[in-house]
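As the structure is a prediction and not an experimental result, all values here were calculated from the model. All chains are named by letter (A, B, ...) in the order of the sequence lines, taking the proteins before the strands, and each is independently numbered beginning at 1.
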Amino acid sequence: MVTVSEIAAALGADFAGDGRYSVRGAAEPSVAGPRDLALAMDAKYAAGLSKGQAGAALLWPGADWQSFGLKAAIFAPRGRLAMAGLSRIFDPGPVIAAGISPMAVIDATAQVGEGAAIGPFVAIGAGVVIGPRARIASHVSIAEGAQIGADVLLYQGARIGHHVVIGSRFIGHPNSVVGADGFAFVTTEKSGVEEVRETLGQRREIRDQTWHRIHSLGSVRLGDDVELGANSCIDRGTIRDTEVGSGTKIDNLVQVGHNVRIGRDCLLCGQSGVAGSARIGDRVVLGGKSAINDNIFVGDDAIIGGGTGVFTNVPKGWAMLGYPAVKVETHIEIQKALRRLPRLGKRVAELEARLGITAPSSNIGKVAEDD
Amino acid sequence: MVTVSEIAAALGADFAGDGRYSVRGAAEPSVAGPRDLALAMDAKYAAGLSKGQAGAALLWPGADWQSFGLKAAIFAPRGRLAMAGLSRIFDPGPVIAAGISPMAVIDATAQVGEGAAIGPFVAIGAGVVIGPRARIASHVSIAEGAQIGADVLLYQGARIGHHVVIGSRFIGHPNSVVGADGFAFVTTEKSGVEEVRETLGQRREIRDQTWHRIHSLGSVRLGDDVELGANSCIDRGTIRDTEVGSGTKIDNLVQVGHNVRIGRDCLLCGQSGVAGSARIGDRVVLGGKSAINDNIFVGDDAIIGGGTGVFTNVPKGWAMLGYPAVKVETHIEIQKALRRLPRLGKRVAELEARLGITAPSSNIGKVAEDD
Amino acid sequence: MVTVSEIAAALGADFAGDGRYSVRGAAEPSVAGPRDLALAMDAKYAAGLSKGQAGAALLWPGADWQSFGLKAAIFAPRGRLAMAGLSRIFDPGPVIAAGISPMAVIDATAQVGEGAAIGPFVAIGAGVVIGPRARIASHVSIAEGAQIGADVLLYQGARIGHHVVIGSRFIGHPNSVVGADGFAFVTTEKSGVEEVRETLGQRREIRDQTWHRIHSLGSVRLGDDVELGANSCIDRGTIRDTEVGSGTKIDNLVQVGHNVRIGRDCLLCGQSGVAGSARIGDRVVLGGKSAINDNIFVGDDAIIGGGTGVFTNVPKGWAMLGYPAVKVETHIEIQKALRRLPRLGKRVAELEARLGITAPSSNIGKVAEDD
């Protein structure tokens with residue numbers, strides 16, 4: 001149980017009413033019980049508030065809190081920001097028993113910082129260094145030589161590759177993988193892909209090709225406060241390390257290829273992908289399922305919309321949409337024109353009829369049948 | 001070994017010939033041996049049947065079974081449905097030794113139903129409740145407070161998060177993840193993404209932004225008969241639970257974001273994704289690699305084609321294709337027009353020439369060069 | 001430490017200078033130390049070489065090695081190929097203690113070849129056969145009846161399903177899954193998807209539909225020298241096996257559906273997907289995030305660009321781009337025309353104005369507003 005005044009203090013927010021009123025958790029307004037803090041950060045929740053049983057609420061600025069029969073209210077000028085603070089207060093985090101599970105296998109040369117909690121079936125390799133207060137859930141593996149900062153949280157089945165370097169407060173979600181080998185192969189002679197890149201589509205000759213692996217001699221280096229989502233992957237670099245800057249958050253099922261460099265405070269949404277050797281600036285947002293081609297550059301503060309396929313460099317601050325990606329304004333204009341395109345065809349045919357043009361355009365009907 | 005008459009009874013199908021003829025498994029007609037049931041549910045398999053050695057077959061309605069030298073035949077009016085029944089008969093399922101492996105770590109307060117089989121390296125947390133006859137393969141983790149119904153099957157490395165609620169007959173494929181934290185972050189001040197959403201592409205000002213995590217206080221709630229594919233993820237809700245209705249089947253590498261609500265009997269094909277807070281009705285089909293934007297609604301019985309990117313609400317029963325998604329008919333019309341588009345440009349140029357229009361359109365050639 | 005002459009011999013390359021000069025690893029030219037081999041396979045690295053401290057380097061053909069103050073130099077006519085050989089020399093591979101970990105659970109009927117190294121928390125089922133010199137990292141599971149060749153490397157958390165057959169030198173990256181059940185379901189009566197496929201968008205009737213699982217009776221069969229990336233999946237076949245030919249390399253987060261047949265020496269890049277029953281020839285390249293529809297055929301040596309969605313058969317040797325996929329040349333032509341499309345609309349309006357056409361085309365302005 002936490003009191004309204006304690007919550008308000010933690011959020012840096014104002015409150016009204018009985019600051020000693022205590023709550024156990026948070027809930028949507030319409031289903032909140034007397035000991036839930038109802039989350040009504042927008043006036044649209046007023047009806048829900050009246051319907052529910054909440055004794056206290058997080059309200060939009062200026063709300064007439066007493067009209068809802070509340071004992072106390074906290075006011076949130078920026079609702080989602082208040083949610084961040086509030087959810088931190090009420091989230092107990094995963095339960096991992098203090099100390100090291102007897103069912104963990106930790107190499108004698110590994111150093112685990114003070115206050116760590118390590119679950120069963122965890123494997124930690126030779127020479128690993130882990131900072132204080134790490135919470136490591138069951139089934140995690142940390143391979144030889146990895147270095148991990150303070151206060152990290154590794155969920156079940158997270159995989160940390162050998163010699164990976166990770167900053168403090170990293171969160172690795174279940175089954176995420178940091179430091180798998182990069183996907184880099186080469187053929188003895190020029191491959192079909194190389195030919196097509198050079199000639200834009202023409203193949204000169206087709207021959208056998210065996211792919212030789214280019215092993216990743218580099219590693220992965222993550223800054224502080226990085227998150228990596230469930231089943232997401234960051235591959236090692238070929239020679240130098242793949243890098244992700246501090247504060248960057250990566251969602252589920254995201255691929256970060258070898259040699260990629262990502263700046264600070266980026267968001268990579270679910271199922272997005274960054275191909276090998278691409279560089280991403282600071283504060284860049286990659287929407288869900290978006291893709292960044294290999295070897296290109298995305299400038300600081302660029303915003304790449306959902307499903308967008310970026311094949312060329314993106315200047316600083318641009319917002320992009322489409323496949324292939326264009327500026328958002330261009331994308332909207334093209335989409336409008338596309339929807340009018342069948343009508344445009346008819347208008348051109350009408351113009352041709354007016355001018356008595358039949359040949360060589362008389363095969364319009366035929367084209368339609370062919371399609 | 002199973003007899004033809006037993007199989008026919010299990011499928012609710014008719015048979016002809018020697019009902020006591022027994023088979024050991026099923027096979028394609030051309031490679032079937034004498035003790036395989038040849039699967040020839042369509043007349044196009046007739047040649048294969050003649051080539052193979054099958055003693056019995058599952059045949060299309062009206063087939064002249066004796067002409068293929070068979071001892072017995074079962075007739076399948078709806079072939080794929082018969083395959084479902086048949087494959088159930090012949091699939092032994094994964095081998096998990098009865099009882100609880102001595103190499104599993106199960107919290108003393110967890111309740112495991114009667115008849116469960118739990119493999120090695122399984123971790124089950126405090127307060128977990130699992131129904132009868134669960135089959136739990138090696139390396140599975142079930143975190144504290146999770147509740148799971150009867151007859152579930154959890155494959156190797158499946159991860160069930162804390163306080164997740166799952167119905168009966170759930171199948172969790174290898175390395176699937178139910179109940180990772182949602183991907184929800186907020187900046188102290190308005191972020192670039194918020195600006196772009198409001199202004200459709202214009203950035204007013206670019207400034208530093210640190211992302212604050214909004215912890216997921218909600219959980220995940222799955223109905224009965226749900227399946228979750230290998231390496232797929234369902235995230236927890238922010239306040240209320242993320243929900244998936246009974247009978248919904250989810251393929252491999254699929255992402256279901258936080259707060260999403262999915263109805264009953266849906267199919268989510270491989271690598272599809274549903275972004276945060278989207279709602280999906282009943283019997284909806286999401287094709288492979290399709291994407292549903294956050295906060296939108298897809299009506300009952302909608303069918304979203306492969307690779308489709310849905311950015312706006314989809315009415316009940318609509319079939320959609322394209323990126324951005326449009327109705328299937330519209331998509332086909334646009335694609336046809338697109339293929340004719342280069343020719344349309346030439347026709348317009350010809351019209352202009354007829355009318356002696358040169359300025360201001362005389363830069364057509366130049367545009368082509370610029371591109 | 002390895003000498004320059006040893007490296008040159010291993011690469012089949014020429015060297016100049018002191019062949020006994022020894023190096024410890026490889027590095028980028030500008031940061032190389034005296035005991036690193038600087039990787040400067042292109043003249044563009046000349047400045048970096050001068051800046052760094054390398055005593056030896058891998059150089060482009062014809063480079064004036066002495067001008068960089070090097071003790072020795074190796075010459076690489078095809079730089080990336082040299083990288084493959086070089087990275088193999090310097091990559092120690094994962095550390096897995098020789099022998100079988102006491103914390104592994106191996107069925108008494110399993111056969112593990114000579115010289116295997118098996119880490120902790122590995123589970124190997126009944127009747128499994130593994131060739132000599134296998135390296136199996138922690139947390140791997142190999143289910144009953146699987147057969148695996150010589151010299152395989154299975155990383156942490158890799159999952160091998162029951163009765164899967166894998167050739168020699170397979171590399172399974174962390175949390176990859178071979179042999180999960182296929183995603184195949186059928187409804188008792190015709191489903192909405194079947195209707196839409198037949199009618200291209202028209203739904204006649206909407207009714208309840210329960211999905212019945214078609215169990216996978218087939219398995220997965222991989223040739224020699226196959227790689228499967230982190231968190232990637234290959235599903236089992238329905239009746240016959242899903243097959244991947246020798247030498248094919250699969251990147252992270254890739255989906256290979258049930259019944260798929262992939263030829264030899266293909267590359268499947270990150271997040272690509274191949275839907276059920278598709279067939280892929282030899283030496284095919286699937287770019288990142290590309291998708292192959294179910295039941296279609298992609299010919300030998302085809303190259304499918306990044307993000308491409310292939311819905312129809314692709315002839316041998318074609319290079320494809322776009323969604324839906326077209327030949328690369330066509331894609332480029334369509335994209336050019338699209339960028340000129342808004343201007344084309346204006347040119348048609350001007351032609352109409354010249355001819356005094358207002359009705360029925362006078363609603364052009366209105367259309368623009370509607371959009």
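Between B:G273 and A:K289, the shortest heavy-atom distance links the atoms N-NZ, 3.6 Å. The two atoms that bring A:V95 and B:E144 nearest to each other are N-OE2, 3.0 Å, heavy atoms only. Closest approach of A:L268 to B:F183, counting heavy atoms only: O-CZ, 3.7 Å. Counting all heavy atoms, side chain and backbone alike, A:G306 lies closest to B:Y323 at O-OH, 3.1 Å. Contact record, A:P174 with B:R159: CB-CG, 4.1 Å, taken as the closest heavy-atom pair.
Distance alone, capped at 3.5 Å, places no donor-acceptor pair between the B:W211 side chain and the A:T248 backbone.
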Practice task
Mind running side-chain contact (heavy atoms from CB on, under 4.5 Å) on B:R354 and A:I357 for me, showing each step along the way?
Solution key: CA-CA 9 Å; B:R354 282 285 186 104; A:I357 299 180; 3.5 Å; yes
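The parts of B:N175 that come within reach of chain A are both its backbone and its side chain, each placing non-hydrogen atoms under 4.5 angstrom from that chain. In this structure, the portion of B:V122 lying under 4.5 Å from any heavy atom of chain A is its backbone and not its side chain. At a 4.5 Å heavy-atom cutoff, the contact between B:T187 and chain A is made by backbone and side-chain atoms alike. At a 4.5 Å heavy-atom cutoff, the contact between B:L253 and chain A is made by backbone and side-chain atoms alike. With a threshold of 4.5 angstrom between heavy atoms, B:V140 approaches chain A through N, CA, C or O but not through any side-chain atom. The contact between B:D181 and chain A is made by backbone and side chain atoms together, counting heavy-atom distances below 4.5 Å. Of the atoms belonging to A:F90, heavy atoms from both backbone and side chain fall under 4.5 Å from chain B. Proximity to chain A (any heavy atom under 4.5 Å) is restricted, for B:S272, to the backbone atoms N, CA, C and O. Looking at B:R213, the atoms closer than 4.5 Å to chain A (heavy atoms on both sides) sit in the backbone and in the side chain alike. Of the atoms belonging to A:R78, it is side-chain heavy atoms, and not backbone ones, that fall under 4.5 Å from chain B. The contact between A:Q271 and chain B is made entirely by side chain atoms (from C-beta outward), counting heavy-atom distances below 4.5 Å.
Contact count against chain A (heavy-atom pairs under 4.5 Å) is highest for B:V105 among B:T238, B:V105, B:V326, B:V348. Heavy-atom pairs under 4.5 Å with chain A were tallied for B:A291, B:S176, B:A123; the largest tally goes to B:A123. Comparing B:D235, B:V254, B:L351, B:I334 by heavy-atom pairs within less than 4.5 Å of chain A, the highest count is held by B:L351. Residue with the most contacts toward chain A among B:A180, B:C233, B:A184: B:C233 (heavy-atom pairs, distance under 4.5 Å). Residue with the most contacts toward chain A among B:Q335, B:E333, B:H212, B:R240: B:R240 (heavy-atom pairs, distance under 4.5 Å).
When each of A:L344, A:L341, A:L338 is paired with B:L341, the side-chain contact (heavy atoms from CB on, under 4.5 Å) condition holds for A:L341 and for no other.
Looking at heavy atoms from C-beta onward, B:F185 lies in side-chain contact with A:E227 at the 4.5 angstrom threshold. Under the 4.5 Å side-chain criterion, counting only non-hydrogen atoms from C-beta, A:H331 is in contact with B:P324. With a 4.5 Å cut-off on side-chain heavy atoms, B:V177 and A:Q156 do not count as touching.
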